[in-house]
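Worksheet: the structure to be examined is printed underneath.
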Amino acid sequence: MLTSSPFLAGCAGIQSALDPAGVEADAVAALFWVMVAGAAVIWLAVMGVLYYATRRDRVVHSETFAGRVILWAGAILPTLILTALLAYGLSMMPRLRPWDARAAEDAPLRIEVVGEQFWWRVTYHRDGMEPVVSANEIRMPVGERVTFTLRSADVIHAFWIPSLGGKMDMIPGRENTLTLEATKAGIYRGPCAEFCGSSHALMALAAVVMETGAFDEWLARQAEPSPGVGENEAGRAAFLANGCGACHAVAGTEANGTIGPDLSHLGSRVTLGAGIVENSKAGIGRFIAETDHVKPGVRMPAYRALPDEEIDAIAGWLKGLE
Amino acid sequence: MIRVNWKHLAIGLAILPFAAVFVAWIGFFNVGASTGHWKITEWFLHFAMRSAVRTYSLAVDAPETLPREGVQAAAGHYARGCAVCHGAPGERRSAAVREMLPQPPDLQEVLAGDKWNDAELFRIVKHGVRFTGMPAWPTQNRDDEVWAMVAFLRNLPGMDAGTYRDLAYGHDRRPDPTGFHDDFDAALADCARCHGEDGMGRGEAVPILSGQRVDYLFAALEAYAADTRASGVMQLAASETDPRLYRRLAEHYAEMPRTGTDRDDADAALAARGREIARRGIPERDVPACVTCHDRPDRNPVFPSLDGQKRYYLEEQLRLFAEDKRGGTPFRELMAKVAKGLEEADIEALAAYFSGRSDTRR
Ligand SMILES: [Cu+2]
């Protein structure tokens with residue numbers, strides 16, 4: 001392991017199953033290392049036998065002896081090892097994916113994530129609060145078990161934050177449940193892990209793990225309109241005049257569309273456009289004017305025809321929605 | 001016994017194309033139209049044309065009954081785009097055209113018999129006829145206009161001059177429908193043949209322009225001329241009008257009052273469903289609420305008003321949008337995305353609703 005560590009340096013970071021930051025990811029990583037160790041032992045044994053069999057001064061063994069070797073080393077031993085590994089792997093299942101969906105309903109924090117071509121609709125259900133709608137980013141408190149209900153609005157997507165846990169498909173017409181508990185605060189990344197169309201590779205989400213107090217403060221702010229709504233009057237007017245509100249909701253304005261992501265607090269998201277564009281005023285402007293270039297096959301029309309000043313004004317206003 | 005010498009045959013075949021080019025290059029072959037075709041050539045060309053039309057028309061799906069809604073616009077288009085060559089009731093083909101080879105037939109005469117069925121006529125009008133001067137329809141993107149023309153052609157044989165004049169010109173003054181208009185009054189008189197003196201549109205396929213937003217009308221004219229919006233009828237009308245007149249024409253119509261609505265109380269239930277979609281959209285099919293873009297008084301000036309617009313016209317536009325064939329102004333992509341999720345029943349409901357709405361919130 002020591003000799004291979006330089007090669008593993010690339011496996012650290014915001015999207016790595018080998019640099020776990022959650023209970024489930026720890027388990028997955030442990031499983032991985034156990035498998036690797038087991039595989040290494042078996043590999044060495046096979047190589048040893050190979051060496052033995054191809055030596056120059058070979059010893060001739062009896063047929064009975066050869067038969068026994070095949071029986072034990074070729075059938076019984078692999079069965080035992082594989083059974084043990086399978087039992088170990090399966091024993092982790094109940095924790096990673098609860099079978100009892102009703103328990104999920106009562107979880108103190110449940111995050112509903114719906115995969116859509118090519119973004120994520122996110123709704124927080126926190127005990128004692130009205131549901132809070134957001135998109136393309138999930139935030140969760142460190143050290144608390146969070147339940148995810150996963151659905152799809154169109155085709156199969158898959159939800160996977162390697163640093164926090166295992167992968168789970170989002171299947172149209174089904175609701176899958178996954179629970180995760182983060183152990184380290186930080187920002188992680190989750191790519192869509194099931195091919196879902198032309199911009200599948202451009203569909204990711206940011207997972208922000210926060211201290212519990214900070215998380216609850218953040219969620220409370222999300223439940224209210226952003227103070228930025230009242231600023232930048234020209235930007236807001238242009239947003240409403242150009243029909244953005246047909247597809248997008250912004251709390252505190254009359255925009256209440258539900259076809260695209262909720263933009264109420266767009267300015268404070270880590271990334272833009274489901275993890276593909278830097279969330280800056282320029283990035284927002286580019287996303288609005290060249291949507292189809294930034295993201296081929298996207299369900300939002302490009303507003304190429306809008307004059308630059310209007311794009312700028314809208315982008316400025318949206319960036320201010322923190 | 002003659003023995004085929006394969007080697008000589010192969011050499012002969014190899015030389016043949018060069019010989020053909022050489023003969024053409026010398027220029028003995030007479031391309032002049034004055035002497036006409038040889039009888040055998042003429043027979044062969046007609047035979048080939050008829051056979052091709054018959055075969056290709058097999059793929060055409062003709063409607064049970066031809067649509068009547070666009071007949072008036074088709075007549076208006078005929079006056080500009082076809083009558084020069086084919087003549088019209090009360091109007092002879094020009095003498096110059098009669099020297100063409102082949103000579104464009106007088107359609108009142110040839111269509112009197114049952115020479116062509118509807119699908120064959122459609123095929124000829126949509127695609128034209130190669131090597132004859134018979135042009136294709138200006139856009140290949142939509143078929144409704146071509147069917148309307150077929151419906152008009154079916155009426156042509158028995159039509160008297162007065163009926164034709166009323167259909168194609170709409171008034172006794174006979175504006176010159178041909179040629180390029182660079183004079184405002186002449187251009188306006190031409191528009192009025194189809195859009196009416198009052199801008200309310202003659203016939204169901206011609207939209208109401210009066211009271212429409214000026215920036216939208218202007219952008220629509222530019223779109224037709226730039227070939228980004230598909231309509232054989234309007235692309236011809238727009239490209240034969242001086243672009244410098246577009247703004248004034250748009251202003252002229254925008255200022256006119258929109259009178260009455262297309263309300264049909266028999267369809268109250270349909271209109272109610274249309275109203276529901278217009279206000280809430282169909283989120284599960286990614287259709288947003290129409291009113292967010294089409295209702296706000298402070299909206300982008302290029303977003304058109306739909307209130308009281310002709311029902312048939314609205315339906316046809318929505319079908320074109322849904323099939324991604326409508327095109328339009330630089331903002332057309334917005335509407336195309338919106339219409340993707342609309343089904344036929346939604347389109348009928350929406351058209352019933354918007355056509356019945358009075359024009360209050362332009
Ligand atoms: Cu995907």
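These figures come from a predicted structure and were not determined experimentally. Reminder, nothing fancy here: chain letters follow the sequence lines and each chain counts from 1.
Annotation: B:R275, atom CZ; neighbour count of heavy atoms from other residues, nucleotides and ligands within 6.0 Å does not exceed 12. A 6.0 Å sphere centred on CD of B:E284 holds more than 12 heavy atoms belonging to other residues, nucleotides or ligands. Surrounding CH2 of B:W137 are more than 12 heavy atoms belonging to other residues, nucleotides or ligands, all under 6.0 Å away. Around CZ of B:R80, the count of heavy atoms belonging to other residues, nucleotides or ligands within 6.0 Å exceeds 12. Counting non-hydrogen atoms of neighbouring residues, nucleotides and ligands closer than 6.0 angstrom, the CD atom of A:E278 reaches no more than 12 such neighbours. Atom CG of B:D61 sits in a sparse spot, with 12 or fewer heavy atoms from other residues, nucleotides or ligands closer than 6.0 Å.
Chosen from A:D292, A:T258, A:L240, A:D154, the residue pairing most often with chain B at heavy-atom distances under 4.5 Å is A:L240. Between chain B and the residues A:A246, A:G245, A:C247, the most heavy-atom pairs under 4.5 angstrom are made by A:A246. With chain B as the partner, the residue from A:G243, A:A302, A:A305 showing the most heavy-atom pairs under 4.5 Å is A:A305. Among the candidates B:V338, B:V291, B:T292, the residue making the largest number of heavy-atom pairs closer than 4.5 Å to chain A is B:T292.
Looking at A:M300 and B:E333, their side chains never come closer than 4.5 Å, going by heavy atoms from C-beta outward.
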Verify side chain to side chain contact (heavy atoms under 4.5 Å, CB included) between B:L334 and A:N242, making sure each step is shown before the conclusion. CA-CA 10 Å; B:L334 272 61; A:N242 285 295; 6.0 Å; no

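Residues B:K337 and A:V298 come closest through the heavy atom pair CE-O, 3.1 Å.
Neither the backbone nor the side chain of A:E310 comes within contact range of chain B, judged by heavy atoms closer than 4.5 Å.
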